[in-house]
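The structure appears right after this line, and notes come after that.
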Amino acid sequence: MARPGNKIIQAKLVLLGDMGTGKTSLVLRFVKGQFFDHQEPTIGAAFFTQILSVTEATVKFDIWDTAGQERYHSLAPMYYRGAAAAVVVYDISSTDTFVRAKKWVQELQRQGNPNLVMALVANKSDLDSKREVENEDGEHFAQENGMFFIETSAKSAQNVNELFYEIAKRLARAC
Ligand code: GDP
Ligand code: MG
């Protein structure tokens with residue numbers, strides 16, 4: 001619940017990243033506290049809402065998950081329109097998804113919103129034994145592009161709430 005006198009921010013959040021990196025799983029972990037080993041590729045546009053209170057504000061997230069269109073390596077302009085935050089996800093066990101994450105960041109930058117809060121998410125941290133991407137590389141790329149970096153696991157729940165809290169804090173500061 002919002003505290004008296006606390007500001008309320010409604011924020012559209014979009015998820016980007018290659019198929020299979022765990023976008024839908026991260027959202028389901030955050031919104032419902034659930035995880036599925038055989039997450040079905042999302043069919044139809046998926047839309048979720050979640051409310052988070054941080055010290056500075058209460059943030060109402062409108063979360064837009066892809067409906068599998070990332071297969072075609074681009075998303076419709078309406079997907080990005082009005083977004084206040086973007087989460088770009090790669091899978092630490094796949095270099096390809098990290099290379100592709102950089103392309104997704106370029107696509108985001110083409111949308112031309114300098115105030116966009118952007119997170120680079122290194123997901124599937126539980127697959128450390130199959131790691132192909134070092135966190136240093138993710139951190140470096142994030143820093144170069146004005147994003148914050150976080151390693152998560154939708155499976156173990158590591159850092160999933162922290163990801164959304166950090167976004168909420170940054171949105172609150174920017175408002
Ligand atoms: P999306 O295509 O980016 O939405 O990815 P999904 O959320 O559909 O996940 C693709 C596959 O990766 C599914 O089989 C998930 O169970 C699995 N997955 C997602 N997140 C994790 C994670 O953190 N760890 C592991 N081990 N598997 C994950
Ligand atoms: Mg999905």
Side-chain angles (χ1 to χ4, degrees), residues 11-50 52 61-111 116-139 141-142 145 147-167:
K12 174 175 171 179
L13 180 152
V14 295
L15 288 134
L16 309 176
D18 268 14
M19 209 154 201
T21 52
K23 298 179 296 300
T24 301
S25 298
L26 286 165
V27 176
L28 290 178
R29 171 61 78 189
F30 173 54
V31 174
K32 302 192 175 180
Q34 295 174 335
F35 177 80
F36 303 97
D37 273 314
H38 302 286
Q39 179 60 45
E40 297 292 323
T42 316
I43 305 202
F47 179 77
F48 302 85
T49 60
Q50 180 70 303
L52 257 190
F61 282 112
D62 288 338
I63 302 174
W64 292 46
D65 188 15
T66 63
Q69 315 93 322
E70 67 270 37
R71 189 195 308 267
Y72 310 108
H73 298 319
S74 76
L75 294 163
M78 69 159 278
Y79 188 72
Y80 300 103
R81 197 168 296 142
V87 172
V88 180
V89 184
Y90 67 89
D91 168 354
I92 66 154
S93 71
S94 159
T95 302
D96 279 358
T97 68
F98 181 55
V99 171
R100 288 282 324 154
K102 297 179 179 179
K103 302 276 178 201
W104 286 111
V105 172
Q106 283 172 6
E107 175 150 339
L108 264 181
Q109 286 166 342
R110 277 199 291 275
Q111 311 304 315
L116 191 67
V117 171
M118 293 189 291
L120 182 65
V121 174
N123 191 38
K124 307 198 186 182
S125 63
D126 58 288
L127 298 182
D128 196 52
S129 61
K130 295 183 185 164
R131 178 185 291 275
E132 289 184 3
V133 186
E134 296 303 327
N135 282 349
E136 279 176 12
D137 295 331
E139 275 165 18
F141 180 75
N145 288 277
M147 312 172 80
F148 76 89
F149 173 86
I150 190 164
E151 188 184 45
T152 63
S153 169
K155 185 167 184 167
S156 76
Q158 188 208 355
N159 275 347
V160 176
N161 287 340
E162 287 77 358
L163 162 65
F164 290 93
Y165 269 98
E166 185 60 31
I167 292 170

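Note that these values count all heavy atoms, side chains included, but never hydrogens, waters or copies made by symmetry. Every number for a ligand or one of its atoms is a count from 1 in the order of the listing.
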Quiz item: Between T152 and N123, do the side chains contain an N or O donor and an N or O acceptor separated by less than 3.5 Å?
Solution: yes
Quiz item: Going by the atom numbers of ligand 1, which of them fall below 4.0 Å from some non-hydrogen atom of D18?
Solution: 3 (O)
Quiz prompt | Numbered atoms of ligand 1 (with element) below 4.0 Å of F36, judged on heavy atoms | solution = 15 (C), 16 (O)
Quiz item: Counting each atom of ligand 1 from 1 as listed, which ones have a heavy atom of L127 under 4.0 Å away?
Solution: 26 (N)
Self-check item: Option with minimal heavy-atom separation from atom 9 (O) of ligand 1, where the choices are S25, G17, A157, A122
Solution: S25
Exercise. Would you check if the Mg ion (ligand 2) lies under 2.8 Å from any N, O or S atom of T66?
Key: no
Quiz item: Would you say N123 has any N or O atom under 3.5 Å from an N or O of ligand 1, going by distance alone?
Solution: yes
Practice problem: Return yes if some donor-acceptor pair links the side-chain N/O of T97 with the main-chain N/O of D91 below 3.5 Å, else return no. | Solution: yes
Quiz prompt | Candidate with minimal heavy-atom separation from atom 28 (C) of ligand 1, of Q158, M19, K124 | solution = K124
Practice problem: Decide, yes or no, whether a salt bridge links K23 with E70 under the criterion of side-chain N to carboxylate O below 4.0 Å. | Solution: yes
Quiz item: Just wondering, are more than 12 heavy atoms of other shown residues or ligands nearer than 6.0 Å to CD in Q106?
Solution: yes
Quiz prompt | From CA spacing to verdict: side chain to side chain contact (heavy atoms under 4.5 Å, CB included), F30, N161 | solution = CA-CA 6 Å; F30 173 54; N161 287 340; 3.7 Å; yes
Practice problem: Number the atoms of ligand 1 from 1 as they appear, then name those within less than 4.0 Å of a heavy atom of S153, with their elements. | Solution: 23 (O)
Quiz item: Pick one: which of L127, V121, D128 meets side-chain contact (heavy atoms from CB on, under 4.5 Å) with K124?
Solution: L127
Quiz prompt | For T24, atoms of ligand 1 separated by under 4.0 Å from a heavy atom | solution = 4 (O), 7 (O)
